[in-house]
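Down below is the structure, laid out as structure tokens.
Residue numbering restarts at 1 for every chain, and letters A, B, ... go by the order of the sequence lines. A quick note: this is a predicted structure, and the numbers were derived from the prediction, not measured.
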Amino acid sequence: MPTELFSTTVWIPIALLLAFAVVGLFGHKMKPVVAGGISTAAILLAMVISYSTAYFYFFSDGLVEGKYVMLVPFLHEWLRFTDTLSIDMGILLDPISVMMMVVVTTVSSMVHIYSFGYMKGEKGFQRYFAFLSLFSFAMMGLVLAVNLFQMYIFWELVGVSSFLLIGFYYQKPAAVAASKKAFIVTRFADLGFLLGILLLSYFTRTFDFPTLMDPGGTAISSMAGLSFMGVSTLTWALVLIFMGGAGKSAMFPLHIWLPDAMEGPTPVSALIHAATMVVAGVYLVARLFGLYAMGAPGALEVVAFIGAFTSLFAAVIAVTQTDIKRILAFSTMSQIGYMMLALGVSGYGGEEGLGFTASMFHLFTHAMFKALLFLGAGAIIHAVHSNNMGDMGGLRKYLPVTHIMFLIAALAISGIPPFAGFFSKDEILAAAWANNQLYFWTEWFVAGLTAFYMFRLYFSVFWGANRTYEHQPHEAPASMLFALVFLGLASAVVGFIPFSAFVTADGVPFQTHMHLNIAIPSVAIGIVGIAIAAWMYMRPGTVADRLATAMPGLYKLSLKKFYIDELYLWVTHTIIFKGISAPIAWFDRHVVDGSMNGIAWVTAQVAEKTKKMQSGQLQHYGYAMVLGAVAFVLLLLYWGAR
Amino acid sequence: MDRLSLLVLVPVITMVVIALFKEPKKVRIIAAVGMAVQLIQILFLLVAFFAERGAGNTSEMLFVTDVVWYKSLNIHYAVGIDGVSLSLILLTGVVIFTGVFASWEIEDRTQEFFITLILLATGVFGFFISLDLFTMFMFYELAVIPMYLLIGIWGSGPKEYSAMKLTLMLMGASALLLVGILGIYFNSAPGGGPLTFNFIEISKITIPAAAQYFFFPLTFVGFGVLAALYPFHTWSPDGHASAPTAVSMLHAGVLMKLGGYGALRIAVMLMPEAAQGMAWFFIILATIGSLYGALGAIAQKDLKYINAYSSVSHLGFILFASLMFNQVAYEGAVLQMISHGLITALFFALIGMIYARTHTRNINEMGGIMKVMPVLGVAYMIAGFASLGLPGFSAFVAEMTIFVGAFQNNDMFVRVATILVVSSIVVTAVYILRAAGIMLYGQIKNKEFELLPDARWYDKVAVFILVGVITGMGMFPGWLAEMIFAGLTPMFERMAN
């Protein structure tokens, strides 16, 4: 019985949550190494379980009658709303969740090990590891979610662990602002996610993925024929859900938090803001892919368009940035744009579903090489104590291992064979070609830009001007190098995995082949991008500056990230704070409360006037009594006369 | 003596014993012991409740005692509990117990302070166990009046003004309420027979529609003012700002819940026809309240004002849910009463502790507090995350239950209102993180703050218990949700028919 075999997976979240609780509550009383050790032990355990689960799932028990099936080895009803609507906590194994388990635990383990070196001597070392455990717990909960609401819960929890880690240096105003921005922007996006869940569940009467995804089920038919403003209700729901995914995955126009999130410690950027959490949006769409593909092709078009646009937009910005982490952040956005596009152009089964497989494949390879790029950047920052490319140059002599690993990663992201990125990007481009050639040419161009900006970074840091450094830069310690080499090897070889034999939209494996008509132009433009970068940046020179002055408008737009941040700032500060919130506060004090005070004042005035009647003078009371009696008698006479 | 009357008796005995001692030290300890006994007996009550239910006792109310009190008007001292009232009693027990520890540093007229504080709690306990509307109203007044003294004497800032404003507005509301309750009473036997104040009995008959349309708005607004129904909420920011810590805790944590409980159980459930007919109007008010409170909170600088506006917003959810005519939404309303009660009590406790150290509540004068007071700082962040509805804390459970329940209304008007209410959770994140960012993070602005002490033991007792309960409810909500849902079932079924 496969379900029993996989029941060990329940120890993954338990171990990580325990590690968080123990290190979080008692970490400050432990030695840093002990606290870090507990967290690392938990994630290594999770990694071992994930690998064995992946082995048994893909090679023996997952494949039933030629199809990878959904397994639920653990299920617990957590909060019940109605007979059919309940939030369940469970574990769902299918090709994409098993694949994600491997990705998350691998990168997370490497980041844990790397952090021993990178964060050494840092105040709050224990707190850092507690947050890493919290993040890993939340991310695994998200990946393994069996229920849409469970996913939302862990979705929020990864958001808060991201917040805590971005703001790790909490005395630094930029870090505090960045963490706040990340949380609020994604929170806004999650509003769409939540409304999408509510809308979807109202009609389908379920939150459970197996029920929602059942090809013979009623999920799609329950919403047939319903529409709102000319668009089908299912499309609305799925676009709203995608809004949540777009926020988490930093898709335009909800991307503004990701570059700022680089204020967090660099290993965190590698783990959360490059390899795992930011691809949660892609994972979300992939998780509900059956609904998107069969029930709401319109929603998929939105996904494709946003993905393609973001990949171009971010690549253009990355070309002019000078902070090495921000270049990588924009690069991440651009690569996630690729994944979204691939999902958007995909069909459901067989060869038609190439886009789905390509997207997951790229997610997998990107996690390896982008984590490597970030960890490499961390090693560089560790050596020169700066994020700014202008402070670097000629580092290949000082950091030989980092240099080689960084080169592998740069080649991988540029789509140069035989490194991992080549294979997955090739599939994405093939899927785009089959769907819409405009997308293909856009992404082809972006591939060139990617190669250019990545090698601009590479040459500026490791070649370029030979600087003299105040402190001689030194190679990273063993713990950091171990993680770099591990991910370097992964980036070199994972491209050879025949992904379509394992991960497909409908669970049925199929064969893919190399698309030479696509591979040749895409490798060609990658090489062109690298060549231009080499010409401009390999030796110190003025070509780049002359280009910038030749195109001041475009240069400025790209450097200032198209002024999107300024636009957001204007909306939040001028419109919401000054235009809505402050007037409400004033209105409340002066109008609403003022009218209450007004009533009180009138009452007091009336009392003030009438109290004169209580004069204590007997003759006044006598007059009043006589007058009253006369009035009463007259009244009686009047009534009597009628 | 029946076990429910003990809930009133233990606080009364505590007050009497406190009256015998003058030294602040002894008074505090007696109050703490008394409220600990109270909390323990509530936990026993909970066990007994589940034992009864487990043994198959399906009566609507358990542990019922019914004594005729004033025969000619058929007023009874009738008490009993179900899942709904028990959960609120539990809330009250936790808040008053922690409130005693949050008041540990009161040195001015300690004896009188604790007597008045516990008197307030007595009223609340009495309110929640009452089945007789008249007795309930009496306990309600018993809870409101000590508030005037507590704010007027032990408050800060313009305390006389705030105390007077609060009392007058709540008294005005209770005048409406009295008319409403009497209206219900005089229509409680449309087919002839003795009139009754027992709301369980009343829920079994149908009050004539004309009377419902007259008395529902009076009752709903009467209770609503206490639950900060827009635009009758302005007593709350001023009242909180002037009130001493424990009073804010009890007030926002528990007293405002009397309003929510009454609005749902008495106004809506006894007069469903009028409630349904007039729902649109009050839904608009509740929706405005939840967004308006949240947006108003962004512009505040004083921590207590931020939290007061936040309460307007979160209590708007309760009033909103009580107009959804859906049992899941009602369950959410009760969960939100408990959740908001705990979270806001934690907030006010922390604000009081921070104020006691920094002598300011203006966030712009603070900064870097996390560095100096890590325990209080972390607890404040937890309260903040809980308040903005992060999973793992109680508010998430309550809010999601409300949203799922409200979304079951397939009506365009209600749906738009629901979406607006849901969107206020984004605004909540803005004002919570804004305040926390300015106050807790960054560099220490005021050098004098560097030497301030972190939480003392009694502060920790209050903070840890509240954090523990909030987290516990957030992680294991199932039993509580089920208990409340089951408690709502009989009246809901009668109402729906």
Side-chain angles (χ1 to χ4, degrees), chain A residues 28 77-82 85 87 138 149 152-157 159-160 163-164 167 170-173 175-177 179-181 183-184 187-188 190-191 194-195 197-199 201-202 228 572 576-578 580-589 591-597 599-600 603, chain B residues 164-165 168-169 230-235 237-238 292 295-300 305 309 327-328 331 368 370-371 374 385 388-392 396-397 400-401 403-408 410 418-419 422-423 425-427 429-431 433-434 436-437 440-444 476-478 481-482 485:
Chain A
H28 59 284
E77 185 182 272
W78 185 68
L79 181 64
R80 188 178 151 103
F81 297 122
T82 65
L85 287 180
I87 304 183
F149 234 115
Y152 179 77
I153 287 175
F154 287 100
W155 186 272
E156 292 294 301
L157 289 179
V160 78
F163 168 88
L164 293 169
Y170 64 82
Q171 291 193 297
K172 198 172 149 201
V176 176
S179 63
K180 207 163 65 179
K181 187 171 177 181
F183 193 86
I184 290 169
R187 181 83 173 169
F188 173 70
D190 294 349
L191 176 64
L194 178 60
L195 291 174
I197 295 175
L198 292 172
L199 196 59
S201 65
Y202 174 70
F228 175 65
T572 49
I576 297 180
F577 289 3
K578 289 196 189 132
I580 300 176
S581 180
I584 282 184
W586 182 89
F587 177 82
D588 196 59
R589 289 283 88 191
V591 180
V592 181
D593 195 38
S595 58
M596 295 299 156
N597 281 339
I599 294 170
T603 315
Chain B
M164 182 59 90
K165 180 173 181 173
L168 284 181
M169 284 186 72
Y230 177 86
F232 306 109
H233 62 276
T234 58
W235 55 272
D238 288 329
Y292 175 98
L295 286 165
I298 296 180
Q300 304 302 321
Y305 275 89
Y309 279 99
Q327 203 179 345
V328 178
E331 175 199 332
M370 185 67 94
K371 180 100 187 140
F385 280 130
L388 61 79
L390 193 76
F396 175 81
V397 175
M400 291 307 134
T401 312
F403 298 156
V404 170
F407 230 80
Q408 305 308 311
N410 193 13
T418 310
I419 290 172
V422 175
S423 64
I425 64 175
V426 180
V427 188
V430 175
Y431 68 74
L433 294 186
R434 176 181 162 271
L440 301 174
Y441 295 139
Q443 296 291 335
I444 298 165
F476 308 101
E482 258 162 51
F485 192 82

Inset, instruction - Pick one of side chain, backbone, both or neither for A:Phe81, based on which atoms fall under 4.5 Å of a heavy atom in chain B. - result: both
Inset, instruction - Tell me, out of B:Ile444, B:Val328, B:Leu168, who's got the most heavy-atom pairs with chain A below 4.5 Å. - result: B:Val328
Legend entry - Ring center gap for A:Phe149 and A:Phe154 short of 6.0 angstrom: no
Inset, instruction - Hey, could you give me the CD/CZ distance between A:Glu156 and B:Phe385, rounded to the nearest 0.5 Å? - result: 11.0 Å
Legend entry - A:Ile580 side, atom CD1; A:Phe587 side, atom CZ - distance, nearest 0.5 Å: 14.0 Å
Legend entry - Check: A:Asp588/B:Tyr309 side-chain N/O donor and acceptor closer than 3.5 Å: yes
Legend entry - Side chain, backbone, both or neither of A:Ile599 within contact of chain B (heavy atoms, under 4.5 Å): neither
Legend entry - Per-residue contact mode, B:Ile298 against chain A (heavy atom under 4.5 angstrom): both
Inset, instruction - Please state whether the side chain, the backbone, both or neither of B:Tyr431 comes within less than 4.5 Å of a heavy atom of chain A. - result: neither
Inset, instruction - Go through the atoms of A:Val176 and report whether side chain, backbone, both or neither lie under 4.5 Å from a heavy atom of chain B. - result: side chain
Inset, instruction - Keeping the roles fixed (side chain from A:Arg187, backbone from B:Leu388), state whether a donor-acceptor pair exists under 3.5 Å. - result: yes
Legend entry - Options A:Leu85, A:Asp190, A:Leu199, ranked by heavy-atom pairs under 4.5 Å with chain B, top entry: A:Leu199
Legend entry - Beyond-backbone contact of A:Val591 with A:Trp586, side-chain heavy atoms, under 4.5 angstrom: yes
Inset, instruction - List the steps, then state whether side chain to side chain contact (heavy atoms under 4.5 Å, CB included) holds for A:Lys180 with B:Tyr441. - result: CA-CA 11 Å; A:Lys180 207 163 65 179; B:Tyr441 295 139; over 6 Å; no
Inset, instruction - Please state whether the side chain, the backbone, both or neither of B:Met164 comes within less than 4.5 Å of a heavy atom of chain A. - result: neither
Inset, instruction - Name the option with the most non-hydrogen atom pairs under 4.5 Å to chain B; the candidates are A:Asn597, A:Leu191, A:Leu198. - result: A:Leu198
Legend entry - Contact class of B:Ala481 relative to chain A, heavy atoms under 4.5 angstrom: side chain
Legend entry - chain A contacts, top residue of B:Ala406, B:Gly296, B:Gly478, B:Gly442 (heavy-atom pairs, under 4.5 Å): B:Gly442
Legend entry - B:Leu295 backbone acceptor or donor facing A:Ser581 side chain under 3.5 Å: yes
Inset, instruction - Can you measure from CZ (B:Phe232) to CE (A:Met596) and round to the nearest 0.5 angstrom? - result: 5.5 Å
Legend entry - Between B:Leu440, B:Val397, B:Asn410, the one whose heavy-atom pairs under 4.5 Å with chain A are most numerous: B:Asn410
Legend entry - Structural part of B:Val404 lying under 4.5 Å from a heavy atom of chain A: both
Legend entry - Side-chain heavy atoms of B:Met400 within contact of A:Leu194, under 4.5 Å: yes
Inset, instruction - Select one option (side chain, backbone, both, neither) describing which atoms of B:Gln300 are under 4.5 Å from chain A's heavy atoms. - result: side chain
Legend entry - Point-to-point distance, once rounded to the nearest 0.5 Å, from CD1 of A:Ile197 to CZ of B:Phe403: 12.5 Å
Inset, instruction - Could you look at A:Ile153 and say if it's the side chain, the backbone, both or neither that has a heavy atom under 4.5 Å from chain B? - result: both
Legend entry - Contact winner vs chain A - B:Gly392, B:Gly405, B:Ser423, B:Gly437, heavy-atom pairs under 4.5 Å: B:Ser423
Legend entry - Top contributor to chain A interface from B:Trp235, B:Tyr292, B:Tyr305, B:Tyr230 [non-hydrogen pairs under 4.5 Å]: B:Tyr292
Legend entry - Side chain, backbone, both or neither of A:Leu79 within contact of chain B (heavy atoms, under 4.5 Å): side chain
Legend entry - Most contacts with chain B, counted as non-hydrogen pairs under 4.5 angstrom, among A:Trp155, A:Phe188, A:Phe183: A:Phe183
Inset, instruction - Taking A:Gln171 for its side chain and B:Gly368 for its backbone only, find out whether a donor-acceptor pair lies under 3.5 Å. - result: no
